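As the structure is a computational prediction, the values presented were derived from the model and not from experiment. Ligands are counted one by one from 1 in listed order, and the atoms in each one are counted from 1 as well.
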Amino acid sequence: MKITVIGAGAVGATCADNIARKELAEELILLDIREGFAEGKAIDMMQTSALLEFDTKIKGVTNDYAATADSEVVVITSGLPRKPGMTREELIGTNAGIVKSVTENVLKYSPNTIIIVVSNPMDTMNYLTLKTSGLPKNRILGMGGALDSARFKYYLSQELGCSPADLNAVVIGGHGDTTMIPLIKHATWNSTPVTQFLSEEQQDKIVKATMVGGATLTGLIGTSAWYAPGAGTAFMVEAIVRDQKKLLSCGVALEGEYGQSDISLVVPVVLGKNGWEKIVDYKISADEQATFNKSADAVRAMNQVLVDSKFI
Ligand SMILES: NC(=O)C1=CN([C@@H]2O[C@H](COP(=O)(O)OP(=O)(O)OC[C@H]3O[C@@H](n4cnc5c(N)ncnc54)[C@H](O)[C@@H]3O)[C@@H](O)[C@H]2O)C=CC1
Ligand SMILES: O=C([O-])CC(=O)C(=O)O
C-alpha cells in the first residue's frame with residue numbers, strides 16, 4: 001500500500017504522522033513545494049519510528065510527483081490556511097489554483113487513485129476536483145464531516161459529562177462557519193437521544209460551538225487547527241485502506257441525494273476500498289432539509305466563483 005500526502009504543513013504532517021503510527025501503508029510520500037520542507041518533516045517522523053514502533057517508510061520530496069507514482073490514496077492539504085477573522089471562503093482565489101495544479105500532477109502518476117481533499121474552502125475545492133480530475137465520483141472525497149462530527153462529539157461530551165466515544169453524532173451540509181449542520185436531533189448517547197438530557201438552550205450552545213469550531217481555534221492559535229484535522233483525514237484513509245465500510249460524513253458529489261445535484265456537500269457515506277460506496281439517507285426532517293438547501297445555495301455561490309474565474 002502506498003499513500004501520498006500533498007502539503008507537509010501543519011495538517012499534512014499531522015495526517016502523515018497518524019497514517020504512519022497506524023501503519024496504514026508500507027510507503028508514505030510527503031510532498032511539498034517548499035524546498036527541503038517535506039524531506040525534513042519525513043526524516044523527523046522517521047526518527048520517531050524506533051520509539052513508536054511503526055514500519056511505514058516515510059519519504060519527503062520537493063515537488064517530485066514521480067515519487068508519488070501508483071499511490072492508492074492521495075490526500076491534498078496544500079494551500080493557505082486562514083488567519084483569525086477570515087472565513088474559509090476567502091482562501092478560494094489562491095487555493096483553487098494550487099488544488100487544480102496539484103490534482104493534475106497527481107493524476108499523471110496515479111491515474112486511478114482515491115483523492116481526499118482537505119484544502120479550504122473544502123466543499124468548493126472538492127467540487128473543483130470532481131469537475132477537473134475525470135476520476136469516478138466515488139474516488140473523490142472531501143474531509144469535513146469526520147472532523148466536524150468529532151468536534152460535535154467533543155462539545156456534546158463536555159455538556160453531558162460523558163465519553164465522546166459513547167456518542168453517535170453527525171454533521172452534514174457544508175464545511176463552513178454558517179453552512180455546517182450538526183444533526184442534534186439525531187445524536188445519541190449509547191442509543192438514547194441526547195435531547196433527553198439537554199435543554200434547548202444547551203443544544204443551541206453545542207450546535208453553535210460546533211459550527212464555529214474551526215474559527216474558534218483559529219482565533220486562539222493564530223492559524224487554523226491541525227491535530228483533529230490530521231486525525232480526521234487519517235480516519236478516512238484507514239476506512240478506505242482497511243475496507244472498513246465505516247459510516248461517516250464526507251464531502252461527495254450529489255446527484256439528487258438529499259435533494260441536491262451538481263454540487264459537493266457533506267453527507268453520510270459508507271467508506272471502503274472503492275472510496276465512498278454508498279450515500280445513506282438519514283431521512284432528515286423538513287426543517288433540516290430547508291437548512292441543508294440553504295447551505296447548498298451558499299456553496300453553489302462559491303462554486304460559481306470557479307466558473308467566473310475560469311478554473312472550471
Ligand atoms: N477540510 C478541513 O477540515 C480542514 C482544512 N484545512 C485546510 O488545509 C489547508 C492546509 O492547512 P495547514 O496545513 O494548516 O497549512 P500550512 O500552511 O501549515 O501547510 C500548507 C502547505 O502547503 C504547501 N503548498 C502550498 N502550495 C503547494 C503546492 N502547489 N504544492 C505542494 N505544496 C504546496 C505549503 O508549502 C505548506 O507547507 C488549508 O487550506 C486549510 O484551510 C485545515 C484544517 C481542516
Ligand atoms: O477553520 C479552518 O479554517 C480550518 C478548518 O477547516 C477547520 O479546522 O475546521
Contact between [X] and [Y] at the side-chain level, heavy atoms closer than 4.5 Å - yes or no?
X: Ser295; Y: Asn293; value: no
X: Val305; Y: Asn303; value: no
X: Val74; Y: Ile114; value: no
X: Glu288; Y: Leu183; value: yes
X: Lys41; Y: Phe37; value: yes

Ile33, portion touching ligand 1 at heavy-atom distance under 4.0 Å: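 For Ile33, the contact with ligand 1 is made by both the backbone and the side chain.
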
Mode of Val11 contact toward ligand 1 - side chain, backbone, both, neither (heavy atoms, under 4.0 Å):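 Both of them.
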
Starting from [atom], locate the nearest protein heavy atom and write down its residue, its atom name and how far away it is, to 0.1 Å.
atom: atom 2 (C) of ligand 1; value: His175 NE2, 3.3 Å
atom: atom 37 (O) of ligand 1; value: Asp32 OD2, 2.7 Å
atom: atom 19 (O) of ligand 1; value: Gly9 CA, 3.2 Å

Hey, which atoms in ligand 1 end up nearer than 4.0 Å to a heavy atom of [X]?
X: Ile98; value: 26 (N), 27 (C), 28 (C), 29 (N)
X: Phe37; value: 37 (O)
X: Ala225; value: 43 (C)
X: Pro229; value: 43 (C), 44 (C)
X: Leu91; value: 41 (O)
X: Asn120; value: 4 (C), 5 (C), 6 (N), 7 (C), 39 (O), 40 (C), 41 (O)
X: Met143; value: 1 (N), 2 (C), 3 (O)
X: Asn95; value: 39 (O)

Distance filter under 4.0 Å to [X] heavy atoms, resulting ligand 2 atoms:
X: His175; answer: 5 (C), 6 (O), 7 (C), 9 (O)
X: Leu147; answer: 7 (C), 8 (O), 9 (O)
X: Arg82; answer: 1 (O), 2 (C), 3 (O)

Ligand 1 to Gly144 polar contact by distance, N or O atoms, under 3.5 Å: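 There is no such contact.
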
Heavy-atom distances under 4.0 Å decide this one: backbone, side chain, both or neither, for [X] against ligand 2?
X: Met122; value: neither
X: Arg151; value: side chain
X: Leu217; value: neither

Test of ring centre spacing under 6.0 Å for Tyr258 and Phe292: yes

Minimum heavy-atom distance Gly142-Met122, with the two atoms named: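 Where Gly142 meets Met122 most closely, the heavy atoms are CA-SD, 3.5 Å.
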
For the student: nearest non-hydrogen atoms of Ile184 and Thr195, plus distance: O-CG2, 4.0 Å

Hphob cluster co-occupancy, Ile3 + Leu30, side-chain heavy atoms under 4.5 angstrom: yes

In one Ile/Leu/Val/Met/Phe/Trp/Tyr side-chain cluster, 4.5 Å: Ile115, Leu248: no

Whether over 12 other heavy atoms sit under 6.0 Å from Tyr154 OH: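 No, because the 6.0 Å sphere around OH of Tyr154 holds 12 heavy atoms or fewer from other groups.
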
Stepwise salt bridge (charged side-chain N to carboxylate O under 4.0 Å, His left out) test for Glu26 and Lys2: CA-CA 6 Å; Glu26 282 80 41; Lys2 179 171 176 181; over 6 Å; no

Min heavy-atom dist Met86 to ligand 2 below 4.0 Å: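 Contact absent.
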
Name each donor-acceptor pair under 3.5 Å that joins a side chain in residues 211-220 to protein atoms two or more places apart or in another chain, with its distance.
unit_1 : atom_1 : unit_2 : atom_2 : d
Thr216 : OG1    : Val212 : O      : 2.9
Thr218 : OG1    : Gly214 : O      : 2.7

